[in-house]
There are 2 protein chains.
Amino acid sequence: MGKAGTLRDYLRHRGLKVTHQREEIAQTFLDSTRHLSAEELYRLIQKGHPEMGLSTIYRTLKLLVEAGLASQREFGDGITRYEPVAGGRHHDHLICVNCGAIIEFQNQKIEELQKEVAENNNFTVLQHKLELYGYCEKCRRH
Amino acid sequence: MGKAGTLRDYLRHRGLKVTHQREEIAQTFLDSTRHLSAEELYRLIQKGHPEMGLSTIYRTLKLLVEAGLASQREFGDGITRYEPVAGGRHHDHLICVNCGAIIEFQNQKIEELQKEVAENNNFTVLQHKLELYGYCEKCRRH
DNA sequence: CCAATTTTGATTTTGATTTTCAATTTCAAT
DNA sequence: ATTGAAATTGAAAATCAAAATCAAAATTGG
């Protein structure tokens with residue numbers, strides 16, 4: 001509930017309307033496993049709400065990003081994926097170029113060094129993406 | 001010459017043909033300033049070669065990536081950009097979400113920590129991307 | 001409940017990238 | 001140099017995710 005509530009807050013704050021669709025999309029998205037494309041979320045939601053339009057998914061995902069509840073990613077296959085911003089818990093990705101596996105990791109020291117770099121450049125960081133591409137444990141056999 | 005020569009080597013190695021177009025595209029691309037989109041490179045090349053087709057630009061950029069001479073980037077505006085891989089000199093990016101400015105930086109410590117992370121996950125890194133999004137010096141006035 | 005405003009969803013459109021295909025070019029073997 | 005098989009080119013058409021349209025429906029403050 002906490003999360004869906006946050007979207008509600010954002011909508012009210014901006015004078016936008018709280019609709020069933022937005023609530024349902026936020027709910028499903030925030031409770032989901034990570035890295036969903038608009039299309040994937042659409043299919044997921046259609047199980048319970050066959051009348052839901054794909055446009056609304058796109059629109060609501062954009063709202064979730066604006067509200068800071070989702071982050072948008074492009075992993076290079078031409079499809080934009082979204083991932084819930086889990087209560088500030090940031091993480092980065094190892095991406096297997098062979099099997100497509102996505103492994104998450106977290107490293108505090110790297111985060112700190114990033115802040116340092118930003119400061120040295122008089123840059124205010126809002127968000128960052130760190131992605132390591134290569135072969136995962138299974139695919140290491142060239 | 002050195003760089004265009006390398007594409008030639010790659011083509012021969014793969015049994016592909018060395019064409020005027022490929023030579024010209026590689027030349028112009030590798031000598032260019034950074035972060036070119038296919039369209040931008042197209043316009044650039046058309047000045048001297050009005051007959052060059054856009055498809056060929058796309059195809060050759062793909063070859064350059066395969067040959068390890070270009071790296072492909074998506075900064076979130078829906079346009080794929082390519083950048084010459086300058087003799088192994090790696091760098092990352094600060095991207096201003098307001099004015100679109102792209103500032104390059106380099107940090108050896110971060111690189112090392114990335115290697116560490118990869119090792120801990122039994123992951124072989126081929127390539128990585130680190131992008132910090134936010135406000136540049138000029139755009140810091142919210 | 002009402003009216004003003006926003007949102008929805010079906011559909012169309014956009015725009016970057018890819019594919020198709022006939023004509024041309026490359027290149028290894030003559 | 002010439003040949004011919006195989007690859008490449010450019011123009012046009014196809015793709016496909018994402019954005020825009022717009023009439024009908026839903027939301028919300030009064």
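Each chain gets a letter, A, B and so on, in the order the sequences are listed, and its residues count up from 1. Worth knowing before you read on, the calculation uses all heavy atoms, side chains too, and leaves out hydrogens, waters and symmetry mates.
As judged by a 4.0 angstrom heavy-atom cut-off over every strand, A/Ser55 is placed among the base-contacting residues. At a threshold of 4.0 angstrom between heavy atoms, the contacts of A/Leu54 with the nucleic acid are absent. Looking at heavy-atom distances under 4.0 Å, B/Arg22 makes contact with sugar-phosphate atoms alone, never a base. When heavy atoms are screened at a 4.0 angstrom cut-off, A/Thr80 is found touching the sugar-phosphate backbone but no base atom.
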Side-chain polar contacts of residues 55-71 of chain B - donor-acceptor pairs under 3.5 angstrom, sequence neighbours left out - could you list them?
| residue | atom | partner | partner atom | Å |
| --- | --- | --- | --- | --- |
| B/Thr60 | OG1 | B/Thr56 | O | 2.8 |
| B/Glu66 | OE1 | B/Tyr10 | OH | 3.0 |
| B/Glu66 | OE1 | B/Arg14 | NH1 | 3.1 |

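For B/Asn122, the side-chain hydrogen bond (donor to acceptor under 3.5 Å, both in side chains) partners at least two apart in sequence or on another chain are A/Glu137.
A salt bridge links A/Glu23 with A/Arg8: the closest approach of a Lys/Arg side-chain nitrogen to an acidic carboxylate oxygen falls below 4.0 angstrom. With salt bridges taken as basic N to acidic carboxylate O contacts below 4.0 Å, one links A/Glu83 and A/Arg73.
Atom CD1 of residue B/Ile95 and atom CD of residue A/Gln127 lie 10.0 Å apart, to the nearest 0.5 angstrom. A distance of 8.5 Å separates CD of A/Glu131 from CG of A/Asp92, quoted to the nearest 0.5 Å. A distance of 10.5 Å separates CD in B/Gln114 from CD in B/Glu112, rounded to the nearest 0.5 Å.
Summary of the strand contacts: A/Gly15 and A/Arg59 both lie near DNA chain C, and taking for each the nucleotide with the nearest heavy atom, the more 5' one is attributed to A/Gly15. Comparing B/Gln21 and A/Thr19 by the nucleotide of DNA chain C whose heavy atom lies nearest to each, the residue mapping closer to the 5' end is A/Thr19.
For the helix from C/dC1-D/dG30 to C/dT30-D/dA1, the rotation axes defined at the first and last 5 base pairs enclose an angle of 40°, given to the nearest 10°.
Using a 4.5 Å heavy-atom threshold, the side chains of A/Arg43 and A/Gln46 count as separate.
The minimum heavy-atom distance linking A/Gln72 with A/Tyr82 is given by the pair CG-CE2, 3.7 Å. The heavy-atom pair separating A/Leu54 from A/Ala38 by the smallest distance is CD1-O, 4.2 Å.
Aromatic rings from B/His35 and B/Phe75 are positioned such that their centres are separated by under 6.0 Å.
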Verdict with supporting geometry, A/Arg81 and A/Ser37, side-chain hydrogen bond (donor to acceptor under 3.5 Å, both in side chains): CA-CA 4 Å; A/Arg81 284 158 199 289; A/Ser37 67; 4.6 Å; no

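Protein chain A touches strand DNA chain C; the 5'-most and 3'-most nucleotides with an atom under 4.0 angstrom of its non-hydrogen atoms are C/dT5 to C/dT11. Taking the 5' to 3' direction, DNA chain D first and last meets chain A under 4.0 angstrom from a heavy atom at D/dA17 to D/dT28.
Here the side chain of B/Asp77 pairs a donor or acceptor atom with the backbone of B/Ile79 at under 3.5 angstrom.
Remark: nothing in residues 39-49 of chain A comes within less than 4.0 Å of DNA chain D through any heavy atom.
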